[in-house]
Amino acid sequence: MFNSIMFLVSILFFLVSVIVMYKVFGKTGLYVFTVFGTLLANIQVCKCVDFFGLSTTAGNVLYAATFLVTDILSEKYGKKSAQRAVWIGICVTVLWVVGTQGTLHLIPNANDYIDPALQQVFGLVPRIALSSLLGYAVSQSIDVALYHLIWKKSGGGKRFLWLRNNGSTCISQLVDTVVFTTLAFWGTYPLDVFISILVTTYLFKVIVAFADTPFMYLARKVRPLELEEERRGAQR
C-alpha cells in the first residue's frame, strides 16, 4: 500500500516540478529537468517494486515525466528545441556511463567502505544505461516526430492538445518499453516475471501520460519568468 501511495505522490511531485522549473527558469529549466530525470531514472530503474500488486521498475514515473518536457518544448518552442532535449539526454547518459565505470575501476584505499555498494549499484549501469539510451533515443525522437505530425494533421491549436500529447506519448512509450525492457532484463528474470514487468511498465507509463495532460494545458498558459524579465527589459 505504501508503494502505491508513493507512486501517486511521485506523479504529482514530478509533474508539478516540471511546471515549476519551466515557470522559474523557462526553456533552460526544462533542459535541466531532462538531465535530472535521465540520471535518476537510470538509477531507479535498477530497483524492482510493486505498485498496486503489480511488479514493475521504480523509474517509470520520473522517466515518463521527461516526455512531458519534450511535449512542452514541442508545443511552446518547436521541433528543434524538443529534439535538443533528446540529444541532451543522450549525451548525459553517455557521460554518466563513462563516469560511473571510471569510478568503479579506481582502486579503493584501506579506509574505504563504500566501494562494495558502488560496485553493486553501478555494476549494473552498462547494460541498464545502454538499454535506456537506445530506448530513450528512439522513443523520444518518435515522440517529437509524432507530436508535430499530429499537430499538422489536426490543425494545431488548443483544441487537439490532448490528442497530440497523449497520442505521441503513448505510442513512443510503447516503443521505449519494448526496447528497454527486452535489452535490460531479458534473461535476468523468469519469463513470467519479465512479461509482467514489460506489461506493467507500459501500463504505469500510460497512467503518467494521461495524468500529465492537465499539466500540458497549464504549461501552455505559463509565461516563464525569463520572458517576463525580457519584456520588462525591453520596455526600459
Side-chain angles (χ1 to χ4, degrees), residues 1-15 34 36-71 86 89-90 92-94 96-97 100 120-147 150 164-213:
M1 186 63 180
F2 177 79
N3 279 5
S4 301
I5 294 174
M6 285 298 296
F7 172 72
L8 299 176
V9 171
S10 296
I11 292 177
L12 182 61
F13 175 76
F14 287 126
L15 295 182
T34 296
F36 162 72
T38 302
L39 291 177
L40 184 55
N42 275 325
I43 296 174
Q44 289 181 326
V45 78
C46 297
K47 187 170 185 175
C48 192
V49 296
D50 291 333
F51 292 142
F52 303 103
L54 301 173
S55 297
T56 187
T57 54
N60 291 332
V61 175
L62 180 55
Y63 184 76
T66 63
F67 283 76
L68 173 61
V69 169
T70 51
D71 283 356
V86 177
I90 292 172
V92 166
T93 301
V94 172
W96 185 66
V97 170
T100 54
Q120 186 173 13
V121 174
F122 291 148
L124 296 172
V125 162
R127 180 172 180 176
I128 295 294
L130 292 177
S131 301
S132 175
L133 177 63
L134 182 58
Y136 179 87
V138 173
S139 63
Q140 286 279 21
S141 296
I142 290 174
D143 181 65
V144 174
L146 282 177
Y147 191 95
I150 297 173
R164 53 184 179 267
N165 176 47
N166 291 314
S168 62
T169 299
C170 289
I171 294 174
S172 59
Q173 288 281 25
L174 177 60
V175 174
D176 174 73
T177 302
V178 172
V179 171
F180 171 75
T181 306
T182 301
L183 294 178
F185 299 123
W186 180 260
T188 62
Y189 292 107
L191 182 59
D192 59 331
V193 176
F194 170 80
I195 293 175
S196 175
I197 291 175
L198 179 67
V199 173
T200 56
T201 294
Y202 181 64
L203 172 63
F204 289 123
K205 286 180 179 179
V206 168
I207 291 173
V208 178
F210 282 106
D212 77 22
T213 303

Step by step, work out the side chain to side chain contact (heavy atoms under 4.5 Å, CB included) result for Thr38 and Trp96. CA-CA 10 Å; Thr38 302; Trp96 185 66; over 6 Å; no
Measure from the side-chain N and O atoms of Thr70 to the backbone N and O of Phe67, and report whether any donor-acceptor pair falls under 3.5 Å. yes
d(Ile5 CD1, Phe2 CZ) to nearest 0.5 Å is 8.0 Å
Side-chain donor-acceptor pairs of residues 206-213 under 3.5 Å, sequence neighbours excluded:
| residue | atom | partner | partner atom | Å |
| --- | --- | --- | --- | --- |
| Asp212 | OD1 | Asn165 | ND2 | 2.9 |
| Thr213 | OG1 | Asn165 | ND2 | 3.4 |
| Thr213 | OG1 | Asn166 | OD1 | 3.1 |
| Thr213 | OG1 | Asn166 | ND2 | 3.2 |
| Thr213 | OG1 | Phe210 | O | 3.2 |

With no hydrogens and no angle check, is any side-chain donor or acceptor of Thr100 less than 3.5 Å from a backbone partner on Val97? yes
Ile197 to Cys48 - nearest heavy-atom pair and separation: CD1-SG, 4.2 Å
Any side-chain heavy atom of Phe13 within less than 4.5 Å of one from Met6? no
Pairwise distance CZ(Phe204) to OG(Ser10) - rounded to 0.5 angstrom: 12.0 Å
For the atom pair CD1 (Ile90) and OG (Ser141), what is the distance rounded to the nearest 0.5 Å? 6.0 Å
Locate the shortest heavy-atom distance separating Ser168 from Ile150; write the atom from each residue and the value. N-CD1, 4.0 Å
Has the side chain of Tyr136 got a donor or acceptor atom that lies under 3.5 Å from a matching backbone atom of Asp176? no
With a 4.5 Å cut-off on side-chain heavy atoms, are Phe194 and Thr181 touching? yes
How many angstroms lie between OG1 in Thr169 and CG in Asp71, if you round to the nearest 0.5 Å? 4.0 Å
Smallest separation among heavy atoms of Ala137 and Val86, with atom names: O-CG1, 4.4 Å
Decide yes or no for Gln140 and Thr66: does some side-chain heavy atom of the first lie under 4.5 Å from some side-chain heavy atom of the second? yes
Donor-acceptor check, side chain of Asp143 to backbone of Ser172, threshold 3.5 angstrom: yes or no? no
Under the criterion side chain to side chain contact (heavy atoms under 4.5 Å, CB included), I'd like the reasoning laid out for Gln173 against Tyr63: C-alpha separation, chi angles, the key distance, then a yes or no. CA-CA 10 Å; Gln173 288 281 25; Tyr63 184 76; 4.1 Å; yes
Any chance you could measure Tyr147, atom OH, to Ile171, atom CD1, to the nearest 0.5 Å? 14.0 Å
Name the orientation class of the two ring planes belonging to Phe36 and Phe14 (parallel below 30°, tilted from 30 to 60°, perpendicular beyond 60°). tilted
Passing option when Phe52 is tested against Leu8, Leu203, Thr200 for side-chain contact (heavy atoms from CB on, under 4.5 Å): Leu8
Nearest heavy-atom approach of Leu62 to Ala41 is CD2-N, 3.8 Å
